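Reviewing the structure listed below.
Keep in mind it's a predicted model, so treat the numbers as computed, not measured.
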Amino acid sequence: MMRAILVRQFGGIDQMKVATDVAIPTPGDKQVLIKVICSGVNPVDTYLRSGQYSKLPDLPYIPGKDAAGIVHSAGSLVSRMKPGDRVFMCQTNQLGSLAEFVTANEENAFPLDDKLSFEQGAAIGIPYFTAYRALFQKANAKSGNRVLIHGASGAAGLAAVQIAKANGMHVTGTAGTQEGIDLVRSAGADAVYNHRDKTYLKKLQNGELFDVIIEMLANVNLGHDLKLMNRHGRTIVVGSRGTVTLDPRDMMGREASVTGVALLTATPEEWSEITSAIGDGIKAGWVKPVVNKVYSLEEAGQAHHDIIHSKGAKGKLVVKIQD
Ligand code: NAP
């Protein structure tokens with residue numbers, strides 16, 4: 001038996017109780033069973049828990065799509081990993097990573113380099129994979145492009161800054177606090193603006209336009225993004241929490257485009273491209289996940305609360321499950 005957060009009904013964080021008698025999952029032939037040291041918290045975990053997502057798991061379920069830990073056992077057809085290996089993983093469905101053990105398909109688990117901690121390992125999956133997909137598979141970003149990461153202080157934004165800089169782009173980021181601004185600058189951004197400063201859009205508009213915009217809060221910013229794009233500019237919507245008013249004419253003269261991204265719809269070929277590029281980044285050393293705060297399993301509900309309600313992101317929220 002293991003400890004896990006077992007959600008029996010969709011709803012608030014009061015549904016996130018620790019259960020102590022959850023059966024340890026059995027890995028299939030092409031799966032590994034991972035002893036979870038840290039679980040990464042993503043905004044999507046909260047949309048799922050509250051029942052506000054297009055595809056919901058059957059109840060009861062264990063939340064958590066990202067994790068880092070140690071391979072405990074491996075199915076008979078697994079060739080890339082063995083018990084004892086340090087790994088991080090991304091993607092679960094019913095039985096997630098807010099638990100002492102989680103299973104992962106072989107293609108969703110990856111070696112965790114010794115230079116990264118388990119906390120950092122739990123911060124890689126969804127943020128880095130999404131940032132890569134947005135920049136390259138959706139925006140077709142190239143070295144030398146001018147890129148705006150609109151919301152760069154959170155987990156996905158910092159990942160996007162690191163990936164864009166490692167690939168030779170000129171990066172402008174935004175954050176909502178001085179600490180966030182400093183963090184985005186230290187991640188490599190060439191310029192950083194405060195998206196809570198009422199004049200920041202004017203400052204951005206007076207500067208050079210952007211080839212690529214990675215948008216974390218489209219319901220607030222998309223109308224402005226259209227005016228900030230270069231000819232043939234591409235805005236990629238990563239995050240949005242509502243509706244927005246915009247003027248389509250802003251796209252016409254520039255022949256600019258807006259595209260949505262959904263990491264978990266990537267094809268197996270796209271997934272393999274994403275994961276091997278981030279694996280290369282880990283080896284090269286430019287994947288440097290920033291962990292903001294570490295919670296205990298009992299505090300997992302608080303982590304779900306904070307990822308949606310706190311202002312002033314500084315990287316990733318992580319739940320430490322065990323040593
Ligand atoms: P996070 O760590 O909570 O970061 C949220 C970011 O939004 C912070 O940088 C925050 O900045 C910024 N923000 C707040 N107000 C803003 C504004 N007015 N304009 C621009 N940015 C603003 O979350 P995350 O993990 O990075 O995810 C970011 C968003 O992407 C979420 O909505 C998430 O659901 C979505 N997402 C989507 C996918 C996908 O496949 N489509 C995958 C991953 C994430 P301050 O706190 O400094 O103000």
Side-chain angles (χ1 to χ4, degrees), residues 1-75 83 87-106 108-109 112 118-119 121-127 129 155 263-264 291-310 316-323:
M1 291 293 164
M2 65 174 186
R3 296 167 73 232
I5 299 286
L6 198 65
V7 172
R8 296 172 199 279
Q9 273 178 51
F10 297 115
I13 58 171
D14 52 324
Q15 299 300 329
M16 296 179 67
K17 302 253 163 40
V18 178
T20 54
D21 55 353
V22 180
I24 295 175
T26 310
D29 287 346
K30 295 180 181 171
Q31 290 187 315
V32 285
L33 179 66
I34 298 168
K35 177 183 168 189
V36 181
I37 309 293
C38 290
S39 168
V41 179
N42 290 290
V44 68
D45 299 327
T46 73
Y47 315 150
L48 284 160
R49 188 213 64 241
S50 58
Q52 288 161 0
Y53 201 67
S54 49
K55 200 168 162 216
L56 292 171
D58 294 333
L59 294 169
Y61 86 103
I62 300 173
K65 294 197 174 292
D66 284 336
I70 297 165
V71 175
H72 185 266
S73 58
V87 290
F88 71 97
M89 58 152 294
C90 178
Q91 260 206 60
T92 61
N93 187 15
Q94 192 76 16
L95 302 174
S97 60
L98 281 175
E100 289 176 320
F101 291 91
V102 68
T103 56
N105 295 341
E106 187 175 21
N108 297 339
L112 179 61
F118 288 113
E119 284 82 356
I124 299 173
I126 288 194
F129 294 173
L263 174 67
L264 300 180
V291 175
N292 179 3
K293 194 166 172 192
V294 181
Y295 300 75
S296 66
L297 187 59
E298 288 71 19
E299 296 168 328
Q302 186 63 41
H304 268 217
H305 171 273
D306 292 352
I307 200 163
I308 297 300
H309 297 291
S310 331
K316 182 84 180 171
L317 305 186
V318 164
V319 175
K320 177 106 192 249
I321 310 284
Q322 57 194 322
D323 289 321

Measure across [X] and [Y] and return the closest heavy-atom pair with its distance rounded to 0.1 Å.
X: V102; Y: G96; value: CG2-O, 3.5 Å
X: G301; Y: I13; value: O-CG2, 3.3 Å
X: V18; Y: E298; value: CG2-CA, 4.0 Å
X: I321; Y: S97; value: CD1-O, 3.9 Å
X: V87; Y: V71; value: CG1-CG2, 3.7 Å
X: L48; Y: K65; value: CD1-CE, 3.7 Å

> Taking S50 for the side chain and Y47 for the main chain, is one N or O donor matched with an acceptor at less than 3.5 Å?
Replying inline: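 Yes, the answer is positive, given that a donor and an acceptor are paired below the 3.5 Å cut-off.
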
> Do side-chain atoms of Q94 reach the backbone of P60 as a donor and acceptor pair under 3.5 angstrom?
Replying inline: yes

Is there a side-chain contact between [X] and [Y], using heavy atoms and a 4.5 Å cut-off?
X: I62; Y: L6; answer: yes
X: C90; Y: D66; answer: yes
X: M1; Y: T20; answer: no
X: P25; Y: M2; answer: yes

>> Please list all pairs meeting side-chain hydrogen bond (donor to acceptor under 3.5 Å, both in side chains) that have one or both residues in residues 299-309, counting only residues at least two apart or in different chains.
In response: R49-H304, Y295-D306, S296-E299, Q302-D306

How long is the straight-line distance from [atom2] of [Y] back to [atom1] of [X], given to the nearest 0.5 Å?
X: Y53; Y: D45; atom1: OH; atom2: CG; answer: 10.0 Å
X: N108; Y: K30; atom1: CG; atom2: NZ; answer: 12.5 Å
X: I124; Y: K316; atom1: CD1; atom2: NZ; answer: 10.5 Å
X: L95; Y: F101; atom1: CG; atom2: CZ; answer: 13.5 Å
X: E100; Y: S39; atom1: CD; atom2: OG; answer: 12.5 Å
X: T92; Y: N105; atom1: OG1; atom2: CG; answer: 10.5 Å

> Given K320 and I37, is the side-chain contact (heavy atoms from CB on, under 4.5 Å) satisfied, shown in steps?
Replying inline: CA-CA 6 Å; K320 177 106 192 249; I37 309 293; 3.9 Å; yes

> Passes side-chain contact (heavy atoms from CB on, under 4.5 Å), L264 versus K55? Steps please.
Replying inline: CA-CA 11 Å; L264 300 180; K55 200 168 162 216; over 6 Å; no

> Around Q9, counting heavy atoms of other residues, nucleotides and ligands shown, do more than 12 lie under 6.0 Å from its CD?
Replying inline: no

> Using the ring of each side chain (for Trp, its six-membered ring), is F10 parallel, tilted or perpendicular to Y61, with breaks at 30° and 60°?
Replying inline: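 F10 vs Y61 ring planes: tilted.
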
